[in-house]
2 protein chains.
Amino acid sequence: MLGEPIRDRRAERREATRAEILDAAWEQVRESGLAALSLRDLARTVGMQPPSLYSYFDSKNAIYDAMYAQGVQAFIDDQPAALPERAVEALKVMAHYFVGFCTADPARYQLLFQRTIPGFEPSAESYETSKQGLARTAGLLAGFGITEPRSLDLYTALVTGLTDQQISNDPGGRRWIGIVDDAMEMFYEHTTDKTSTRTKGRRTK
Amino acid sequence: MLGEPIRDRRAERREATRAEILDAAWEQVRESGLAALSLRDLARTVGMQPPSLYSYFDSKNAIYDAMYAQGVQAFIDDQPAALPERAVEALKVMAHYFVGFCTADPARYQLLFQRTIPGFEPSAESYETSKQGLARTAGLLAGFGITEPRSLDLYTALVTGLTDQQISNDPGGRRWIGIVDDAMEMFYEHTTDKTSTRTKGRRTK
DNA sequence: GTCTATATTTGGATAGAC
DNA sequence: GTCTATCCAAATATAGAC
């Protein structure tokens, strides 16, 4: 009997080609918009005829899904490993990471965090991975004593709002990035100074 | 010479047909997504052949633009006429109006506040109108003593963030709508208690 | 695995008769 | 203003030869 080769060169090459296709796809959506991904242009870019793409991906949505998975993984992998000890400073680092990650590639942000591609939904597996990202954020906030679900929701609203405004109204600029620190100070003070929330009373100021 | 008729029945009918087409277009985008607007389906819905639409709109983007103008006008017209005297309560009403308006019709929100339709940009005239809306908001905030541009930016980030999360992660629900009041209290306290901002010093807490 | 050829659908838009 | 007829382009996807 022949021994099995250590490496599967065929599989390696296949993976490399898949990666090459995905790279070209990212390039295309960054250039022309997420919704404008076209299998024709994509095939031409990588030097294939359009039908050949189907040897690597079952459909166009399968490409979107692979891109989604890549994006989620990048979000997790690139997260800062260590955070400042002081909670408010850690929040600033976290928020800057989120806004920076999203504004660095608006098409990716659109794919991951907005649901604007008609007919595309991430696969269950990819979606599961994405939930890990939010869970990690929740865990970090909990470490700072921020445990209420409402506070987590407020945090996500803040960082996505800053991101959204930055992308929509000052693309490539820093207008909303520049108030991230301010927003986090506001958030931190509010969530850790909740005497009025517990009493449910109206704030008399 | 014949006297000119008081009413131009032809023009009236034309306007009515245009309105009917736009109504059908809204229906379609609410159903299938903003990007999925199709002139064929649209024509079929209003009982026309597709080319007949071109008697009323020069192009598909002209339809988007008319919808944009309608949306902006609706946002302005539906604004609450009077606000509570207390600033923080007024902020809550304003924010609830914004989030309510947007979540009531996510396709409209996408058209007005996100720029996700490839190739579409609102006409200069429509865009001008939309800036009036923001100017009004700025004026109201100024009336409450909130005049710094950064504060206005923070406000818009907050309300769009709440809107975005509500639409993306709890469509039809109230998860983020339920923290609008809380967010506005946070915002108000932060923007009116700025001793630390002026000194530019790091907050010692 | 890649190609050619093709199917199929759909899209926006125009020409010209009535 | 509306229609028929048509164009043109682009899209995703499949069949089958090599």
Side-chain angles (χ1 to χ4, degrees), chain A residues 5 7-25 27-29 31-68 107 111 116-121 123, chain B residues 5 7-25 27-29 31-68 107 111 116-121 123:
Chain A
R7 287 167 53 193
D8 185 341
R9 302 186 74 90
R10 190 170 307 189
E12 284 176 7
R13 171 142 189 175
R14 182 184 166 79
E15 269 316 299
T17 305
R18 275 178 61 102
E20 190 187 344
I21 291 169
L22 291 178
D23 285 348
E27 191 77 22
Q28 190 174 317
V29 299
E31 187 72 21
S32 313
L34 184 63
L37 180 64
S38 143
L39 298 191
R40 279 192 182 180
D41 294 350
L42 184 54
R44 192 176 50 73
T45 302
V46 298
M48 283 181 183
Q49 294 300 316
S52 301
L53 292 176
Y54 287 84
S55 297
Y56 298 95
F57 297 96
D58 287 341
S59 68
K60 185 183 179 179
N61 273 354
I63 296 179
Y64 276 131
D65 193 57
M67 295 170 77
Y68 182 91
L111 177 63
T116 174
I117 299 297
F120 168 68
E121 292 208 10
S123 65
Chain B
R7 286 168 55 193
D8 185 339
R9 303 186 74 89
R10 190 169 306 187
E12 283 175 8
R13 172 142 189 174
R14 182 184 167 80
E15 269 316 299
T17 305
R18 276 179 61 103
E20 190 186 345
I21 291 169
L22 290 178
D23 286 349
E27 191 77 24
Q28 190 174 316
V29 300
E31 187 72 22
S32 313
L34 184 63
L37 180 64
S38 144
L39 297 190
R40 284 195 178 178
D41 294 350
L42 184 54
R44 192 176 49 74
T45 302
V46 297
M48 283 181 182
Q49 294 301 317
S52 301
L53 292 176
Y54 286 83
S55 297
Y56 297 95
F57 296 96
D58 287 341
S59 68
K60 185 183 179 177
N61 273 354
I63 295 179
Y64 276 131
D65 193 57
M67 295 170 77
Y68 182 91
L111 176 63
T116 174
I117 299 297
F120 168 68
E121 292 208 9
S123 65

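Looking at K60(B) and F120(B), their side chains never come closer than 4.5 Å, going by heavy atoms from C-beta outward. Inter-residue side-chain proximity for M67(B) and L22(B) is flagged as met; some heavy-atom pair is nearer than 4.5 Å.
The residue G119(B) sits apart from the nucleic acid: no heavy atom pair falls under 4.0 Å. Using a 4.0 Å heavy-atom distance criterion, L42(A) is classed as making no nucleic acid contact. When heavy atoms are screened at a 4.0 angstrom cut-off, R14(A) is found touching the sugar-phosphate backbone but no base atom.
The CD1-P distance, from I63(B) to dG11(C), rounds to 13 Å in whole Å. Rounded to an integer number of Å, the gap from L39(A) CG to dC3(C) P is 15 Å. Taking atom OH of Y64(A) as the reference point, atom C1' of dA11(D) lies 12 Å away to the nearest angstrom. Going from atom CZ of R44(B) over to atom P of dT10(C) covers 11 Å, rounded to whole Å. Atom CD1 of I21(A) and atom P of dG1(C) are 10 Å apart (whole Å).
A salt bridge is absent between E12(A) and R9(A): the closest approach of a Lys/Arg side-chain nitrogen to an acidic carboxylate oxygen does not fall below 4.0 angstrom.
Between dT12(D), dC3(D), dG11(C), one nucleotide has an atom nearer to the side chain of M48(B) than all others, and that is dC3(D).
In terms of modelled atom types and a separation under 3.5 Å, the side chain of Y56(B) and the main chain of I63(B) share no donor-acceptor contact. Here the side chain of R44(A) pairs no donor or acceptor atom with the backbone of Q49(A) at under 3.5 angstrom.
T45(B) contributes atom OG1, which lies 6.0 Å from atom CD of Q28(B) (distance to the nearest 0.5 angstrom).
Only P51(A), Y54(A), S59(A), K60(A), listed by number, bring a heavy atom of residues 49-60 of chain A to less than 4.0 angstrom from any atom of DNA chain D.
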